[in-house]
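So the structure is just underneath, and the comments pick up after that.
To find a chain, count down the sequence lines: A is the first, B the second, and so on, and within it residues start at 1.
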Amino acid sequence: MSKEIGITVKKNENFSEWYTQVVLKAHLADYAPVKGLIVLRPYGYSIWESLKSSLDQKLKATGHENGFLPVLIPESLLSKESDHFAGFTPEVFWVTHSGETEIGDRLALRPTSEALAYSMYSKWVKSWRDLPLKINFWNTALRAEIKATKPFLRTSEFLWQEGHTVHATKEEAEQEVMSILEMYKKTVEEELAIPVITGKKSEKEKFVGAVYTTTMESIMPDGKALQMGTSHFLGQNFSKPFDVKFLDKQNVETFAWQTSWGVSWRLIGALIMIHGDDKGLVLPPRVAPIQVVIVPIYYSPQDMELVLSKVSEIKQALTKHNLRVHMDVRDEVTPGYKFHDWEMKGVPLRVEIGPKDIAKGKMVLVRRDSLKKSDLTFEDAENGILSMLDEIQQNLFENAKSLLREKTREITDFDEFKSEMEKGAFIYSPWCGQTKCEETIKESTGADIRVIPFDAKMQDSKCIICKNQTTIHAIFARSY
RNA sequence: GGGGCCGUAGUCUAGCUUGGUAUGAUACUAGCCUGGGGUGCUAGAGGUCGCCGGUUCAAGUCCGGCCGGCCCCA
């Protein structure tokens with residue numbers, strides 16, 4: 001029937017259009033009236049909630065607390081750290097009036113909260129006993145996107161968390177940077193089933209104001225890289241202008257060492273791109289708002305009663321295991337319609353129960369990842385479904401790892417580099433460490449350094465551009 | 001950053017060249033029929049034609065500006 005209900009383009013034929021359709025048609029989000037802003041619908045927000053809850057637990061378990069910061073930051077405060085300010089100012093939204101009255105010190109809608117948070121921290125941190133201070137904020141940030149907006153990937157306001165910590169020593173702060181990055185990696189790999197590569201950003205690509213930035217990066221099916229999260233070592237770059245200092249055990253006034261880090265709903269964008277297929281969204285069970293959908297099938301009122309009571313029984317049994325189960329009892333649409341509908345929405349597992357199944361004592365299971373059908377007896381329902389969900393989660397992760405492998409190359413010759421980059425790839429190449437060579441690559445290929453992986457081991461080699469000796473192995477890619 | 005395209009009911013769309021307040025489908029509501037891969041019939045309801053201005057007796061249609069969206073190439 002009407003094909004417009006479903007996804008009308010193939011993922012590998014028009015990736016961009018496919019992505020937009022999945023976001024809208026799976027009811028993840030919709031466009032707001034202002035350019036670059038989206039409304040997150042309950043189905044999309046639920047994914048964010050799962051991700052949030054998983055990360056929040058880990059943060060709390062490691063001594064972080066949540067706080068809340070206001071959205072308006074006076075320009076005078078935002079501009080205190082000059083590099084930081086210069087980096088963000090092109091995309092800041094400004095509030096210039098309250099009612100009809102012009103505001104003298106105009107107010108920024110937070111592009112990030114370092115300035116505001118640290119102006120507060122300077123009041124709260126006086127003694128070594130006040131440290132470490134580890135506060136996380138679940139909020140949104142606003143950065144004006146002039147062109148090329150894309151739901152979840154590039155929006156003028158985005159949901160995220162930003163953590164801001166203060167430490168007595170450099171070592172402790174650097175440990176924090178790494179432990180957060182590891183926490184992010186674990187969360188993304190285990191919950192979203194997306195493998196990431198962790199490492200450092202180059203000087204050119206680091207967070208403005210940071211001493212260095214660590215990052216986790218992944219590659220999308222179209223060959224473009226996506227930054228999945230960052231954790232920054234700020235050193236004393238902010239504690240000095242914002243006066244975050246304390247008296248140490250020797251009664252010496254000392255500037256504190258700081259970190260900041262964040263992940264955003266961009267991760268949902270990655271999830272859509274990595275796992276989705278021609279039929280729509282494919283969700284890993286861990287974050288799926290609905291993990292199991294049960295479609296009852298019946299012809300007569302007698303069958304209806306029989307089927308619905310069996311379906312409720314199964315649903316109840318599964319709910320006891322904390323599974324998110326939905327019973328699709330709509331009678332205005334046919335089973336076939338429901339099958340397509342839930343496939344588009346990416347529900348990991350579908351259960352069909354009709355009179356024939358009840359007669360056989362079995363139900364039909366259909367996996368969203370492979371679309372394979374199988375039987376399961378009612379007695380085995382709970383264990384069978386639990387283990388199949390685990391299998392789906394695993395399988396999605398394995399598929400994503402294969403994608404990453406397929407798209408990764410190791411190249412030392414620049415001509416080969418250029419032709420491979422045209423296809424879209426993660427390219428490991430030796431790099432001398434100079435911004436000049438990095439810029440040459442950017443100009444001629446559009447690719448930049450996504451990450452200098454921690455685990456990239458390389459013999460002494462020659463920079464792909466200037467041929468100077470180096471041991472740095474960087475990953476280059478075009479990016480979102 | 002550069003270049004194309006688009007905006008009419010919840011959704012998809014005809015009408016625009018050649019001006020006269022709008023076509024069809026789907027979804028929605030009611031009743032029946034159906035139901036294991038996007039059911040069928042009958043009736044009903046649903047519209048500031050993105051916004052503002054201009055031309056005109058008359059603008060969805062022509063002109064200008066703005067807002068919003070999509071795609072392609074750096």
Side-chain angles (χ1 to χ4, degrees), chain A residues 1-27 29-39 41 90-91 144-156 222-224 278-280 293-308 310-311 328-345 347 350-360 362-368 371-376 418 421-424 439-448 477-480:
Chain A
M1 282 308 295
S2 183
K3 288 279 194 300
E4 283 76 29
I5 308 171
I7 307 301
T8 60
V9 294
K10 297 207 179 304
K11 189 181 181 186
N12 62 11
E13 283 172 8
N14 189 341
F15 187 68
S16 194
E17 169 73 21
W18 170 87
Y19 176 85
T20 305
Q21 285 196 18
V22 172
V23 168
L24 297 176
K25 293 185 176 182
H27 293 183
D30 205 349
Y31 295 105
V34 178
K35 181 179 176 60
L37 300 185
I38 60 169
V39 175
R41 302 181 65 172
E91 46 190 17
E145 291 293 345
I146 301 132
K147 251 201 108 171
T149 63
K150 204 75 167 159
F152 298 116
L153 300 175
R154 197 170 282 278
T155 49
S156 290
D222 62 349
K224 283 161 86 175
D278 290 346
K279 285 173 171 284
V293 65
I294 310 178
V295 179
I297 293 151
Y298 43 78
Y299 307 82
S300 64
Q302 295 91 317
D303 282 345
M304 177 172 117
E305 206 176 312
L306 179 72
V307 168
L308 288 183
K310 191 68 193 174
V311 165
D328 188 352
V329 293
R330 287 179 291 177
D331 60 3
E332 69 273 22
V333 290
T334 61
Y337 182 96
K338 294 177 185 177
F339 299 162
H340 285 278
D341 195 31
W342 294 115
E343 278 164 2
M344 187 164 72
K345 292 194 169 116
V347 174
R350 179 172 81 239
V351 174
E352 304 171 15
I353 299 178
K356 290 184 216 163
D357 307 294
I358 292 177
K360 286 185 288 188
K362 288 178 174 176
M363 61 185 102
V364 175
L365 298 189
V366 187
R367 294 169 58 145
R368 178 62 182 90
L371 296 169
K372 286 198 180 105
K373 291 194 180 191
S374 58
D375 284 343
L376 184 65
K418 283 190 270 195
M421 194 56 82
E422 281 307 310
K423 299 174 202 163
E439 279 167 351
T440 302
I441 291 173
K442 173 78 178 176
E443 277 159 29
S444 57
T445 66
D448 42 36
R478 290 176 181 158
S479 72
Y480 274 94

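Nearest-nucleotide positions on RNA chain B place A:Pro33 closer to the 5' end than the other of A:Pro33 and A:Thr445. Position along RNA chain B of the nearest nucleotide to A:Val366 versus A:Tyr31 favours A:Val366 as the more 5'-ward residue.
Taking the C1' atoms as reference points, B:rU21 lies 24 Å from B:rC66, given to the whole Å. With C1' as the reference atom, B:rA9 and B:rU23 are 12 Å apart, rounded to whole Å. When the C1' atom is compared between B:rU42 and B:rG37, the two are found 27 Å apart, to the nearest whole Å. B:rA14 and B:rA25 have their P atoms separated by 15 Å, given to the nearest Å. Distance check on atom P: B:rA59 versus B:rG1 gives 39 Å, rounded to whole Å. Distance noted for atom P between B:rU61 and B:rG54: 14 Å (whole Å). Here, B:rG7 and B:rG60 have their P atoms 15 Å apart, quoted to the whole Å. Going from the C1' atom of B:rG15 to that of B:rG20 covers 14 Å, rounded to whole Å.
Nearest to the side-chain atoms of A:Pro335 among the listed nucleotides B:rG36, B:rG37, B:rC28 stands B:rG36. Residue A:Glu422 has its side chain nearest to B:rA74 when only B:rG37, B:rA74, B:rG36 are considered.
Atoms CG (A:Asp303) and P (B:rG35) sit 12 Å apart, rounded to a whole Å. One interatomic measurement links the two molecules: OH of A:Tyr298 to P of B:rC33, which rounds to 15 Å at whole-angstrom precision. Rounded to a whole Å, the CG atom of A:Asp222 is 10 Å from the P atom of B:rC73. We find that CD1 of A:Ile7 is positioned 16 Å from P of B:rU11, with the value rounded to whole Å. Across the protein-nucleic acid pair, A:Arg41 atom CZ and B:rG10 atom P stand 14 Å apart, rounded to whole Å. With rounding to whole Å, A:Arg478 atom CZ is found 9 Å from B:rA74 atom C1'. Note: CZ (A:Arg154) to C1' (B:rC71) measures 16 Å, nearest angstrom. Nucleotide B:rC32 holds its P atom 12 Å from the CG atom of A:Asp331, rounded to whole Å.
The distance from atom CD1 of A:Ile294 to atom CH2 of A:Trp342, rounded to the nearest 0.5 Å, is 11.5 Å. Rounding to the nearest 0.5 Å places CD of A:Glu352 at 10.5 Å from CG of A:Asp375. Rounding to the nearest 0.5 Å places NZ of A:Lys310 at 7.5 Å from CE of A:Met363. Atom CD1 of A:Ile353 sits about 9.0 Å away from atom CD1 of A:Ile297, to the nearest 0.5 Å. The OH atom of A:Tyr19 sits 12.5 Å away from atom CD1 of A:Ile7, with the distance rounded to the nearest 0.5 Å.
In this structure, A:Lys150 reaches the B:rC71 phosphate: one of its side-chain N or O atoms is under 4.0 Å from OP1 or OP2. Between A:Thr334 and the phosphate of B:rG38, there is no side-chain N or O to OP1/OP2 separation shorter than 4.0 Å.
In this structure, A:Gly446 reaches neither bases nor backbone, as no heavy-atom distance under 4.0 Å exists between it and the strands shown. Heavy atoms of A:Val295 sit nowhere under 4.0 angstrom from any nucleic acid atom. Using a 4.0 Å heavy-atom criterion, one finds that A:Lys279 contacts the bases of the nucleic acid, with or without backbone contacts as well. Counting any heavy atom pair closer than 4.0 Å across all strands shown, A:Pro296 reaches no nucleic acid atom.
Shown are A:Glu17, A:Glu13, A:Lys11; of these, the side chain to side chain contact (heavy atoms under 4.5 Å, CB included) with A:Phe15 is made only by A:Lys11. Among A:Arg368, A:Arg350, A:Lys338, the single residue meeting the side-chain hydrogen bond (donor to acceptor under 3.5 Å, both in side chains) criterion with A:Glu343 is A:Arg350.
The base of B:rG35 is not paired with the side chain of A:Arg330 by any donor and acceptor separated by under 3.5 Å.
Here B:rU55 sits opposite no nucleotide as a Watson-Crick or G-U wobble pair (both hydrogen-bonding atom distances under 3.5 Å). Of the nucleotides present, B:rC67 is the one that pairs with B:rG7 by Watson-Crick or G-U wobble criteria, both distances under 3.5 Å. In a base pair of the Watson-Crick type (N1 to N3 plus N6-O4 or O6-N4) or a G-U wobble (N1-O2 and O6-N3), with each distance short of 3.5 Å, B:rC32 is matched with B:rG40. Under the Watson-Crick or G-U wobble criterion, with both distances below 3.5 Å, B:rG1 is paired with B:rC73.
Residues of residues 336-344 of chain A that place a heavy atom closer than 4.0 Å to RNA chain B, in numerical order, are A:Gly336, A:Tyr337, A:Phe339, A:His340, A:Glu343. Looking at residues 10-19 of chain A, you'll see A:Asn14, A:Ser16, A:Glu17 sit with a heavy atom under 4.0 Å from some atom of RNA chain B.
A:Ile38 has its side chain within reach of A:Phe152: a pair of non-hydrogen atoms, C-beta onward, lies under 4.5 Å apart.
In this structure, A:Arg478 pairs ionically with A:Glu422, as a charged nitrogen and a carboxylate oxygen lie closer than 4.0 Å.
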Side chain to side chain contact (heavy atoms under 4.5 Å, CB included) between A:Met304 and A:Asp331: does it pass, once the steps are laid out?
-> CA-CA 11 Å; A:Met304 177 172 117; A:Asp331 60 3; over 6 Å; no

Stepwise, does the side chain to side chain contact (heavy atoms under 4.5 Å, CB included) test hold for A:Leu24 with A:Tyr31?
-> CA-CA 9 Å; A:Leu24 297 176; A:Tyr31 295 105; 3.8 Å; yes

Could you please spell out the steps behind the side chain to side chain donor-acceptor pair (under 3.5 Å) verdict for A:Asp328 and A:Tyr337?
-> CA-CA 11 Å; A:Asp328 188 352; A:Tyr337 182 96; over 6 Å; no

